Amino acid sequence: MHFHHRHPASEAQVTSSTEDNGGQGPDYTTSMRTDRCGDLRSDDVGRQVTLCGWVARRREHGEHLAFVDLRDRSGIIQVVVDGAADLRSEYVLQVTGQVRERPADTANDALSTGAIEVDASEVTILSASEPPPFPLDERTDVDEVLRLRHRYVDLRRPRLQKNLEVRATVNSAVRTAMEEQGFIEVETPMLVASTPEGARDFVVPSRKEPGSFYALPQSPQIFKQLCMIGGVDRYYQIARCLRDEDLRADRQFEFMQLDAEASFVSQDDVLTFITHTVASAAEAVTGERPADFPRMSWHEARERYGSDKPDIRFGMELVELTPVFADTDFRAFQAPCVKGIRVPGGADLSRNRLDDLTETCKGWGAKGLVWMKVEADGLNSPVAKFLTGDEQAALRTTLEAEEGDLLLLVADEHHTTCRILGLLRLELGRPPVTEGGLHFLWVVDFPLFEGLDEAGNPMPAHHPFTMPHEDDLETLEAGDLLSVRSQAYDLVLNGWELGSGSVRIHRREIQQKIFSILGIGADEAQERFGFLLDAFRYGAPPHAGFAFGMDRLIAILAGEENIREVIAYPKTQSGADPLTSAPTPIDDRHLEELGLRVLPRSE
Ligand code: ASP
């Protein structure tokens, strides 16, 4: 047994294993190793191999023998080391030895290399390591900030290695699928003027023009439209987008989108392109191509699921009950809209849990929540006594209630009733990310506007470049704005909004009309989007596009609830980067150069 320090075996000692990989996949042999740890199998028994990797675990066996789990990107293999070397966690080793069968009773089915081990004849310490800042096994729950501060150690964990591979697979499948359909990748700038995606911009001060700022792109929206005017015809980009919004499990300040735009196309064409691409990405990861994605109108999604991004992995749909209580004496149900959901088997929910749910609904803006347990001798509910026998019977039939079910009802304005029950449905029924398979859904016919802003102007539901629905142009003329549908569509996966797109306005006069409806006056429109309006003068083709969040798609395909797990260097929930300490103050000289002065923080 030989131990070395920092002098890896020379090229001559390392024999190639290319003949063993049967031409399948890349050859990982280098001048320092013959194989990767996790690639070895029983077929390799008898071979002399040289491996490189990190010490994942070390167990003593008797006085002189140690079992070392050696880890690299491909996985882990057990190495038997004879001799009392100082091999600690996360040391980087080069090991030469013979592959042999493990004694049958020590085989480890949980490892792909679990039937074999390497009997080391030579071990070289390529690099020592201080004790790692946290244990790298998957069982220990490690503080997120600590993980991110030492992300380079965190990344060694098999889960994150796998997630990065899923990510690379999706990126590559998306590129291939877009190119198969004739899209070409065009890069757009990072230092831009503000783009109207409805979030706050990140800004970058200009040194050449103190007092002026670039915005970082919230999306390449305007540039891709300009590409269409520029004759690019089919554009795509895996684009970094930046939005200064509060972070959540499915949101980071910066994220990647598959951004696409095509000319001389309709909504159907775009849906076909994107379906092909997303299905190809899913297939590349899971090995199974998802069936064609169903479509649902925004209106139906709201009525049935109380959401514009319905999670259709499970039922518990919203049921219309307004007619059941049309003549009710019960005041709480004398509302514009009464709907309910049936929670199968939910009658055993405790009173405390029901009280909590009621409070949660109030927190969401509901006046209250009515619960009813379906029991053998009737409805058990604090409000049962206010309902007539006919109402109770009609309620049970409409909700198809069975003994043991829990019925939850909300009575309010239509949109509030739908929204609250939609949230409640998710709260009670949503399966974990790894369950229920992949359920894609196109939600189409979004409204053009959603509500009014503080100044009383309608707000665009998508963005101001979205074309109204052809059938609703008269409604738009008539000024019935909130009932105008648009040619905008979203792609939803398991209740996550993957992305959105629309057919664009390509005529200057319609664009100007929409700006004026939105309360963007001619001067402001010229100032903010003059370059786009100008471009429309020079022959804009009809065009449409889409963008979907790569991080969200990858997270779901990797079985992760939080997109941070599929991003190599994410930010924390508060937007900080514990690894580089960003954001950091800059020195006075630099501020001066930029013409900036920082105000004291107000408490
Ligand atoms: N730019 C839009 C977004 O980022 C997508 C699109 O309309 O193509 O959501």
Side-chain angles (χ1 to χ4, degrees), residues 174 178 183 185-190 192-202 215-229 232-245 250-263 265-275 277-278 298 308-309 442-450 459-469 485-493 496-506 511 514 518 528-529 532 540-553 563:
V174 160
M178 292 305 284
F183 285 78
E185 185 160 17
V186 179
E187 285 141 2
T188 53
M190 291 299 280
V192 299
S194 180
T195 41
E197 297 291 351
R200 210 177 283 117
D201 285 326
F202 278 101
L216 297 175
Q218 291 186 31
S219 81
Q221 182 65 34
I222 294 184
F223 288 102
K224 67 176 173 177
Q225 293 194 239
L226 294 175
C227 276
M228 295 304 105
I229 302 177
V232 171
D233 192 88
R234 289 185 187 187
Y235 143 97
Y236 88 95
Q237 180 181 196
I238 297 186
R240 187 173 299 275
C241 302
L242 296 107
R243 298 182 190 178
D244 189 358
E245 295 176 297
D250 62 353
R251 199 180 263 174
Q252 283 270 311
F253 284 155
E254 44 185 309
F255 56 95
M256 304 307 285
Q257 283 197 340
L258 178 275
D259 193 47
E261 196 77 14
S263 295
V265 292
S266 65
Q267 169 172 313
D268 272 355
D269 296 314
V270 176
L271 268 45
T272 305
F273 294 141
I274 301 296
T275 301
T277 299
V278 173
W298 175 86
D308 56 8
K309 43 178 196 262
W442 283 110
V443 179
V444 298
D445 295 343
F446 267 73
L448 190 58
F449 304 107
E450 60 175 10
M459 295 182 292
H462 186 41
H463 50 52
F465 313 119
T466 299
M467 184 68 185
H469 200 290
R485 288 167 302 164
S486 68
Q487 297 185 52
Y489 31 86
D490 272 11
L491 180 58
V492 177
L493 170 55
W496 284 28
E497 180 198 324
L498 267 196
S500 334
S502 58
V503 174
R504 322 297 183 187
I505 299 167
H506 70 282
Q511 186 65 73
I514 296 292
L518 293 172
R528 285 175 62 191
F529 313 116
L532 181 69
H543 58 286
F546 195 75
F548 66 80
M550 298 288 288
D551 307 283
R552 292 182 183 175
L553 176 61
I563 61 171

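Remember, it's 1-based here, ligands and their atoms both numbered in the order they're listed. Just so it is clear, the model here is predicted, and its values are computed rather than measured. Along the sequence shown, the residues carry numbers beginning at 1. The figures that follow rest on heavy atoms only: side chains count, while hydrogens, waters and symmetry mates do not.
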Donor-acceptor under 3.5 Å (Q257 side chain, Q237 main chain): no
Flag side-chain contact, heavy atom, 4.5 Å: F465 against I222: yes
Side-chain heavy atoms of P220 within contact of E187, under 4.5 Å: no
Residues in side-chain hydrogen bond (donor to acceptor under 3.5 Å, both in side chains) contact with T466, at least two apart in sequence or another chain: S502
Any P460 side-chain heavy atom under 4.5 Å of I514 side chain: no
Aromatic plane relationship, Y489 with F546 - under 30° parallel, 30 to 60° tilted, over 60° perpendicular: parallel
Any protein N or O within less than 3.5 Å of an N or O in ligand 1? List each pair with its distance, or say none.
from	atom 1	to	atom 2	distance (Å)
ligand 1	1 (N)	E197	OE2	2.7
ligand 1	1 (N)	S219	OG	3.4
ligand 1	1 (N)	Q221	OE1	2.6
ligand 1	4 (O)	R243	NH2	2.9
ligand 1	4 (O)	Q257	OE1	3.3
ligand 1	4 (O)	Q257	NE2	3.4
ligand 1	7 (O)	Q221	OE1	3.3
ligand 1	7 (O)	H462	NE2	2.8
ligand 1	7 (O)	H463	NE2	3.0
ligand 1	7 (O)	R504	NH1	2.8
ligand 1	7 (O)	R504	NH2	3.3
ligand 1	8 (O)	Q221	OE1	3.4
ligand 1	8 (O)	K224	NZ	2.6
ligand 1	8 (O)	R504	NH2	2.7

